[in-house]
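Heads up, the thing below is written out as structure tokens.
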Amino acid sequence: MARSGDRGDLLAAGLGLGPVREQVASKISEDATWVAAAQDGDRAAFGQLYERYARMVHGVLLAKVPVCDVDDLVQDVFIRALRRLSTLRETESFGAWLAVIARNVARDYHRRTVPEEPLTDDAPDRRIQRGVSSGDHDGATAAVLDAVMSLPDAYRETLILRLVEGMTGPEIAARTGMTHGSVRVNLHRGIEQLRAKLSGDPRRDGPEQEKP
């Protein structure tokens, strides 16, 4: 059984903002250089972008599709991005552009997937929860992840990027194109709802989440 102290440590970690924004801005500038090189056919530059953004893409997908399909879909996202890279005009917006592709890939996945069980309102979340919980996480982590998967979509995505992928608040903002304020709000409200679910508090749902 998960210990409340372990859960508290995980939730507290979710509110950390990590490195200063100047460091993140420097990385985004570097990304723009890699994007320009990749647009000129430099595959090594695109490989650098893959290394930097794979966690973000993985987290966005994990919030939306069963975990057993996430790795394959990560590859699909980057293949789609490579094919469309020439259409990207604002090279410094690569992360936000890539996040949109990841969300579209997740939507396409659900459109073409035939359900293997009778549909109920919470069937997709249950499938995701089972996939996450079946991994090698300890009890505390599994309990937190199961609760995260029941939250509204934007909270779920932001919290997974923070708690599972280990990205800081400024990194999430920079790489997904969300504002720092939206990330902060989603983390704060998401953590509040997560604490309520883990404690069994039946309080009402929180305010509507910020959109990506």
Side-chain angles (χ1 to χ4, degrees), residues 13-14 17-18 24 27-28 31 34-35 46-85 88 90 92-113 124-125 127-132 135 137 141 144-191 193-194 208-212:
L17 293 181
V24 175
K27 290 182 179 179
I28 296 302
D31 289 349
W34 285 338
V35 171
F46 191 79
Q48 293 286 351
L49 293 169
Y50 179 92
E51 291 297 322
R52 179 160 289 181
Y53 283 91
R55 282 187 306 149
M56 183 270 285
V57 171
H58 188 276
V60 170
L61 292 171
L62 183 59
K64 303 176 187 302
V65 305
V67 67
C68 59
D69 293 317
V70 169
D71 288 343
D72 287 342
L73 292 179
V74 168
Q75 302 305 314
D76 290 348
V77 169
F78 280 97
I79 290 171
R80 189 177 296 191
L82 181 60
R83 290 172 178 168
R84 299 178 181 178
L85 194 58
L88 178 61
E90 298 180 1
E92 67 278 4
S93 298
F94 175 78
W97 178 74
L98 189 64
V100 170
I101 292 177
R103 296 180 189 116
N104 287 339
V105 165
R107 280 193 285 269
D108 291 345
Y109 169 90
H110 287 293
R111 289 192 188 105
R112 69 174 181 264
T113 300
D125 285 338
R127 285 197 295 272
I128 295 173
Q129 289 171 20
R130 285 200 298 271
V132 173
H137 307 290
T141 304
V144 171
L145 290 176
D146 281 350
V148 168
M149 293 305 180
S150 68
L151 297 179
D153 183 63
Y155 294 164
R156 186 166 66 225
E157 179 178 305
T158 310
L159 285 176
I160 284 177
L161 290 172
R162 181 69 188 100
L163 298 176
V164 178
E165 304 300 337
M167 296 171 63
T168 66
E171 283 178 321
I172 294 170
R175 297 189 189 184
T176 64
M178 295 178 67
T179 66
H180 290 278
S182 293
V183 171
R184 189 179 299 110
V185 167
N186 282 351
L187 284 175
H188 178 73
R189 293 178 180 171
I191 289 292
Q193 290 194 22
L194 191 54
E208 183 179 356
Q209 69 269 24
E210 297 287 334
K211 300 298 183 183

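Values below: every heavy atom of this structure, side chains too, minus hydrogens, waters and symmetry copies. The chain is numbered in sequence order, starting from 1.
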Which heavy atom of [X] sits nearest to which heavy atom of [Y], and what is that distance?
X      : Y      : result
Gly177 : Ala96  : CA-CB, 3.5 Å
Gly95  : Met56  : O-CE, 3.5 Å
Phe78  : Leu49  : CE2-O, 4.3 Å
Val57  : Ala102 : CG1-CB, 4.3 Å
His180 : Ala173 : ND1-CB, 3.7 Å
Val183 : Gly169 : CG1-O, 3.7 Å

Nearest 0.5 Å, what's the [atom1]-[atom2] distance between [X] and [Y]?
X      : Y      : atom1 : atom2 : answer
Gln193 : Leu159 : CD    : CG    : 9.5 Å
Arg175 : Glu165 : CZ    : CD    : 11.0 Å
Thr158 : Arg189 : OG1   : CZ    : 12.0 Å
Ile191 : Asn186 : CD1   : CG    : 11.0 Å
Leu73  : Leu61  : CG    : CG    : 5.5 Å
Ser150 : Leu194 : OG    : CG    : 8.0 Å

I'd like to know if the side chain of [X] and the backbone of [Y] have a donor-acceptor N/O pair within less than 3.5 Å.
X      : Y      : answer
Ser182 : Met178 : no
Arg162 : Met167 : yes
Thr168 : Glu171 : yes

Quiz prompt | Among Val164, Leu161, Val70, side chain to side chain contact (heavy atoms under 4.5 Å, CB included) partner for His58 | solution = Val70
Self-check item: side chain to side chain contact (heavy atoms under 4.5 Å, CB included) between Arg107 and Asn104, worked out
Solution: CA-CA 5 Å; Arg107 280 193 285 269; Asn104 287 339; 2.3 Å; yes
Quiz prompt | Which residues share a side-chain hydrogen bond (donor to acceptor under 3.5 Å, both in side chains) with Asp72, sequence neighbours left out | solution = none
Quiz prompt | Side-chain heavy atoms of Arg52 within contact of Trp34, under 4.5 Å | solution = yes
Practice problem: Answer whether the closest heavy-atom distance between the side chains of Tyr155 and Val185 falls below 4.5 Å. | Solution: no
Quiz prompt | side chain to side chain contact (heavy atoms under 4.5 Å, CB included) between Arg84 and Trp97, worked out | solution = CA-CA 10 Å; Arg84 299 178 181 178; Trp97 178 74; 3.8 Å; yes
Quiz item: Is the distance between the ring centroids of Phe94 and Tyr53 under 6.0 Å?
Solution: yes
Exercise. Check the pair Gln48 / Asp31 against side chain to side chain contact (heavy atoms under 4.5 Å, CB included), numbers first and verdict last.
Key: CA-CA 9 Å; Gln48 293 286 351; Asp31 289 349; over 6 Å; no
Quiz prompt | Arg103 bridged to Asp108 by N-O distance under 4.0 Å | solution = no
Self-check item: side chain to side chain contact (heavy atoms under 4.5 Å, CB included) partners of Leu82, counting only residues at least two apart
Solution: Arg43, Phe46
